[in-house]
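Here is the naming used below: chain letters follow the sequence lines, and residue numbers restart at 1 for every chain.
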Protein chains: 2
Amino acid sequence: MESQLKSVGKRVPKVDAREKVTGRAIYIHDLKLPGMLYGKILYSKYPHARILNIDTSKAEKLPGVRAVITGFNTPEIRIGFMKDQPVLKKDKVRQYRDEVAAVAAIDPDIAEEALDLIKVDYEPLPGLFDPEEAVKEDAILIHEYDAKGKPLKNNILKLPWRLIAGDVEQAKKESDFIVEDSFRVTWVTHCCMGTSGCIALFDLDNNLTIYSITQIPFLAQNDFNAALKAMGLKGKNTRVINTVIGGGFGSKLDTHVYEYIAILLAYRTRKPVKILFTREEEFFAQPPRQPAIIKISQGCKKDGNLTFREVDMLLDNGAYTSWGATTPSVMMVPISSLYKVPNIKYTARSVYTNNIYAQAMRGYGNPQATFAVESSMDILAEAAGIDPMEFRLINVNLPGEITPQNFKVTTCGLKECIESVGEGLNWKDAKKNKKKKRGVGMSSLIHVGGGARVYKSDGHGMIMKVDDFGKISVITGAVEIGQGSETVISQVAAEVLGVFPEDIQIIKGDTSICPWDVGTHASRQAFVSCNAAIMVANKIKKEILDIAGKYFNVDPENLDIKNRVIYLKDEPENSEKQMPLDKLLRRAHFSKHGTMIMAETFYDPPNEMLNQEFKGNLSCTYAYGTTGVEVEVDTETGHVEIKKYFAAHDVGRALNPMLLEGQIYGAAVMGTGYALTEQLILKQGKVMNDNFLDYKILTAKDKIPIVPILVETIDELGPLGAKGIGEPACVPTAPAIANAIHDAIGVRIKDLPITPEKILKALKEKEKKG
Amino acid sequence: MESQLKSVGKRVPKVDAREKVTGRAIYIHDLKLPGMLYGKILYSKYPHARILNIDTSKAEKLPGVRAVITGFNTPEIRIGFMKDQPVLKKDKVRQYRDEVAAVAAIDPDIAEEALDLIKVDYEPLPGLFDPEEAVKEDAILIHEYDAKGKPLKNNILKLPWRLIAGDVEQAKKESDFIVEDSFRVTWVTHCCMGTSGCIALFDLDNNLTIYSITQIPFLAQNDFNAALKAMGLKGKNTRVINTVIGGGFGSKLDTHVYEYIAILLAYRTRKPVKILFTREEEFFAQPPRQPAIIKISQGCKKDGNLTFREVDMLLDNGAYTSWGATTPSVMMVPISSLYKVPNIKYTARSVYTNNIYAQAMRGYGNPQATFAVESSMDILAEAAGIDPMEFRLINVNLPGEITPQNFKVTTCGLKECIESVGEGLNWKDAKKNKKKKRGVGMSSLIHVGGGARVYKSDGHGMIMKVDDFGKISVITGAVEIGQGSETVISQVAAEVLGVFPEDIQIIKGDTSICPWDVGTHASRQAFVSCNAAIMVANKIKKEILDIAGKYFNVDPENLDIKNRVIYLKDEPENSEKQMPLDKLLRRAHFSKHGTMIMAETFYDPPNEMLNQEFKGNLSCTYAYGTTGVEVEVDTETGHVEIKKYFAAHDVGRALNPMLLEGQIYGAAVMGTGYALTEQLILKQGKVMNDNFLDYKILTAKDKIPIVPILVETIDELGPLGAKGIGEPACVPTAPAIANAIHDAIGVRIKDLPITPEKILKALKEKEKKG
């Protein structure tokens, strides 16, 4: 088959790339509707305080202001995974970014000015900013009641994460080597180039349209419908329209407070209302990745075989829950299933604090967990006296395996990933002939690669229609956040239909037009939408060939399409039995009882939701990969330079190597930032570095010599064999770098980011002990 | 069934009405794209002249001008039914409105200013403005060559219209009474409230998107693709997007020169280019209805039975052909098939003149032809000494008839229409006890009522998708030009699916999203799109009931849906066997191998194209109607006042009586304007009255006491029995009024409009003769 592929496997440029780089793509920033107003939000001045009074009278009088809303003059809308957050706060504020009022005005500057005229009286309360403090029995309560009004006794979220497989206690007894360590990860944020924004408007029947940058238009529709219900607008229709999205990375898996505020303002003013975040707001009012304190213990036999893995986590949830509060479910994936470990115990508690609340981010907990697991792997290998690469190969996952969490491993290229990275780094040699201050390290990853049933449906609907010119419209619910779903759908559809990717037009981003899709998350989009594309394209192809069969008076099974031409498989060169596709389509259309070809499908992948014990085959297939780096550490300054970077990934099939490499480049840089520089610094709950410079995001100037290695395992359930690859490459970076630093200078940093200060401090301590 | 209908047959308000009356609907006038330029067109200064030179150098230098194009610096694009019109003229101009140059600038005023700086040198040529002159053998040639470069010998269009049925010469011999008259009709124009306009833009792959107000998006796509080919852009995709349309009436059945100019300017500047007509341009540069000189002869036996009808026409085509050049094909409909006439001869010639060229307009030739036929009917009745109503009833069409043009009359309510109008007017009494200067008159009509196969396909595609909340998106190619297609599609879909019209959301107006439809013409939209809606809704319903059948463990045949609830037909009150539709949909979606319901269909009605003899069953069914009026004529001033106006129409089934009445009101006013006041006055080819006041359009102040009468015949092929009714009501108005005027004051006006001057002149002549 390989050699026959015409579109798939080719380095087809992203279909939306040129529109974006030439500034022609329409982002939410570019969109302006007739009569549109501008909304601005007033945030809390305290991390924890009681609201005594809000006086909006002065703001209301400012010329150009059209509405001023607070929790006191609007219906209560509660949002979040546990519905613990009112959109506009009226009893208490629980974090610095809490929304206490909002203004709609004819101009954004007027709206901003009006915010200054709103007077809020607070009674400050003591704050909890340390999860280890917040978790204590006698800690003050951040939420006194749950969403149903039931009193709460402590700050611990009622989400008891607990995965048990085998017998960890027994395994400990049988282990020859055991290590135990504690790791810390902190806040990082998505840094989307496009700041957040939306436009909400109501029609005259009170149906809502919202122009949004959500990654989950259909779940958002559900959320907004619920909000409408809270506003007394039951049974109305909500239309969610995506503009071009300037980066997602998980930041758009929730509906956000600003969207509900736009809805409330639009309903109040009967006008379209746009809210657009400043870069500062993007830093402090877009929830970041969760910080965590991770205790991990692992053991092995003398021969290196892992015996158990025990992990206990404390997560800082911040003031409210998002969907991201469920990241421990994905943290379980590497904890239970990265390398063969028969006995697993995982427990996690997530705790409310007065820090800004956290949400999903690329990898969805996996980078946090893998940092601990893969750092610990090196520590255990050292304890057992086994080379870390060798140690990983001893425990490598293999096809056919069923993991302790009941994942069914179909294809698995982890061995090839480890070996190819080892080869790239010249591992044995590098280890043997260690240059001064240089070191190598590696880390692997497992991630869902065939969808992930985290919602009742993991489905994807798709409609195709073919026109008289052989052009094909593909109507899909897939959300393009830069990953290239439109491009690979075009390639796959073109492949099946024997046409060219440029013949495919993707119609997307409108819940009223596009069939349902659960959203762009869990690296699922290419997997589900390309599977749907194959299904629906095959229907279309069958219809076409049936018509052609009648025309040529041959069995349609004996016909195929190539380069836009229908031909006889037996006599591919017989021009008598060939017809251009568009000609046949017109013939079918312009005949008695004319027909035009359309088809639809709904693909729901055969994966499972985790059961109450958090077990089940969450994904149709799993993505594996290994990152290996060589670093040079400047022991004078603590500066780490990455000299080599190999990222090997089991991608199933490379539908488009260029896009895959793009995903790997981007994720590797994100992972490197997570490892070395990035950190949202909170001081008593307040974000102190709300700009790219102080946040220390890596840029193109931080040249990292990334070499992607694509391992193809051709997965049975994947579209033409492909697996998801959107998130994986950012997962193993931090532990690989941490391991390499340890290899280079003998110190191990256990909390991220690994700053020069931490390295110098560790070197100093090592020297003291030395 | 009648009594069971929940949505159909109800006076459901137009779904788009409130958006329009509150100013929220987005017309082409409201649309502004980022970076958009404004195009303006330079028209000819002569009706016929050779172009010697065009100097654009000064215009190009005007700051803000981005492009100046002429026929000399752009590829030639030829448009029109006979491809006889180059978009930008470079050899000759043939009418005052000929486009010789165009400008794109950053501002419409700058573009306008630039037009004044373009210098065109002409060599004036003699003009032909009278079709009877233009048709002469020795007339100068307006087109020296046809589109293929073949020399032309005269100005007569190579469209030889000729319909022969039976033997007219023999019938003449057998007739007891024969009358022969000549009638004239003149230019009228559509007077759309929304002036014409478009925005064209190219993407970076040179695919075209055009925001358009066309009635025929898919045929327009075809036209624009051909233009792209002429521009060297073969195989590109064109996306036609409809904005809200401010009136159509047939004016948007062609693609127009201004659209191609926008395309050329957009391609030249690489920016979106908007062209928007002024009201003056709308009057002189939007082609009007064809004028014609109509000779008609009819005969009958003593018993009143018609023996023959012979019609010869000369049509003033103007300088170029549009689709409207084919109106004689529809003129044949009443000529051959209104009343039973066994012997028919119809010939027509269309001739080029230096007048502005003509195009389609509501009724598509039918009002012109019916004016002659139905005026002649009264004249013949008088000759035969038979009451005109009685005369019509003697010859009335009946179900089961096959007309001389081979139309298969299925249902036919003409008799009921004539009788109900007669009753309304108190015909016999009115005729007997004639008040001074008052008179009554009537006229009937036949029109296509079940599509019309004037193109290779009369088809309509439709896609439906159902969401988790029981809301249904209907994706349709139907174009809403005010007729209410969205509303009736919603009603019919709701009826079939047992939901409410407000549960239906219509997605329309985008060739990339919507399935193909031949366009809103020939009163076909409700017929074809509601038939498609029934087909696809039945597919959806079957899928829903199959799922429900499994759930309730009953035969799905025994289930139905009403008021959004699925119930057991045998036990409609058994709440155990009921389930809200949305609940069932979510259950189906959120289960293993989840499914969401979508379906599509392509409906191509079983009508026929006319054969080479212009015979065939053009439409699936035919619409009939009768208009009767009572007029009072002021013999001092010549003013005609309409005292009574009854419009009876065989509508098959009244899907929505309110919308039907709306169509009748509008068309009756348009017909009355055609009869009495409206006229585009051309002087040597130049439009002299380019404003509503001088054009004398009727307004709401011209109160006409229209009483619509809906006759339901429940047509077998119609959607729930319905026929098309978009055009008919404007067809019989002019002859009914002419007949009533004759009844009132004994003079017959044979050329439209029937102005006070013409009445006074006729009265004076009558007096002379008297």
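Contact annotation for B:Arg18: both backbone and side-chain heavy atoms come within less than 4.5 Å of a heavy atom of chain A. Heavy-atom distances place both the backbone and the side chain of A:Asn222 under 4.5 Å from chain B. For a residue to count as touching a neighbouring chain, one of its non-hydrogen atoms must lie under 4.5 Å from one of that chain's; by this rule B:Asp510 does not touch chain A. Only the side chain of B:Thr22 has a heavy atom closer than 4.5 Å to any heavy atom of chain A. For B:Leu33, no part lies near chain A; criterion is any non-hydrogen pair under 4.5 Å. Within the 4.5 angstrom heavy-atom criterion, no atom of B:Tyr603 approaches chain A. Only the side chain of A:Asp467 comes within contact range of chain B, with heavy atoms under 4.5 Å apart. Only the backbone of B:Lys236 comes within contact range of chain A, judged by heavy atoms closer than 4.5 Å. Using a 4.5 Å cut-off between heavy atoms, B:Arg239 contacts chain A through its side chain alone, with no backbone atom that close. Both the backbone and the side chain of B:Leu204 come within contact range of chain A, with heavy atoms under 4.5 Å apart.
Rounded to the nearest 0.5 angstrom, A:Thr601 OG1 and B:Met596 CE are separated by 13.0 Å. Rounding to the nearest 0.5 angstrom, the gap separating the OG1 atom in A:Thr238 from the CZ atom in B:Phe469 is 7.5 Å. Rounded to the nearest 0.5 angstrom, A:Phe218 CZ and B:His589 NE2 are separated by 9.5 Å.
Using a distance-only test at 3.5 Å, with no hydrogens or angles considered, no donor-acceptor pair links the side chain of A:Ser473 to the main chain of B:Ile513.
Across all non-hydrogen atoms, the minimal contact from A:Thr595 to B:Phe602 is CA-CD2, 3.7 Å. Scanning both residues, B:Lys465 and A:Ser512, for their nearest heavy atoms gives CE-O, 3.3 Å. B:Pro34 and A:Ile26 get closest at one heavy-atom pair: CG-CD1, 3.7 Å. Closest non-hydrogen pair, B:Asp203 versus A:Glu19, comes out as CB-OE2, 3.4 Å. Residue B:Gly461 comes nearest to A:Met598 through the heavy atom pair CA-CE, 4.1 Å, listed as atom of the first residue, atom of the second, then distance.
With respect to A:Asn237, the side-chain hydrogen bond (donor to acceptor under 3.5 Å, both in side chains) criterion is satisfied by exactly one of B:Glu502, B:Lys471, B:Gln505: B:Gln505.
Atom NZ of B:Lys32 is surrounded by 12 or fewer heavy atoms from other residues, nucleotides or ligands within 6.0 Å. In this structure, B:Lys583 places its NZ atom where only 12 or fewer heavy-atom neighbours from other residues, nucleotides or ligands lie under 6.0 Å away. Atom NZ of A:Lys14 is surrounded by more than 12 heavy atoms from other residues, nucleotides or ligands within 6.0 Å.
With respect to chain B, the highest number of heavy-atom pairs below 4.5 Å among A:Pro605, A:Ala599, A:Gly470 belongs to A:Ala599. Across A:Arg453, A:Gln221, A:Met609, the residue that shares the most heavy-atom pairs under 4.5 angstrom with chain B is A:Gln221.
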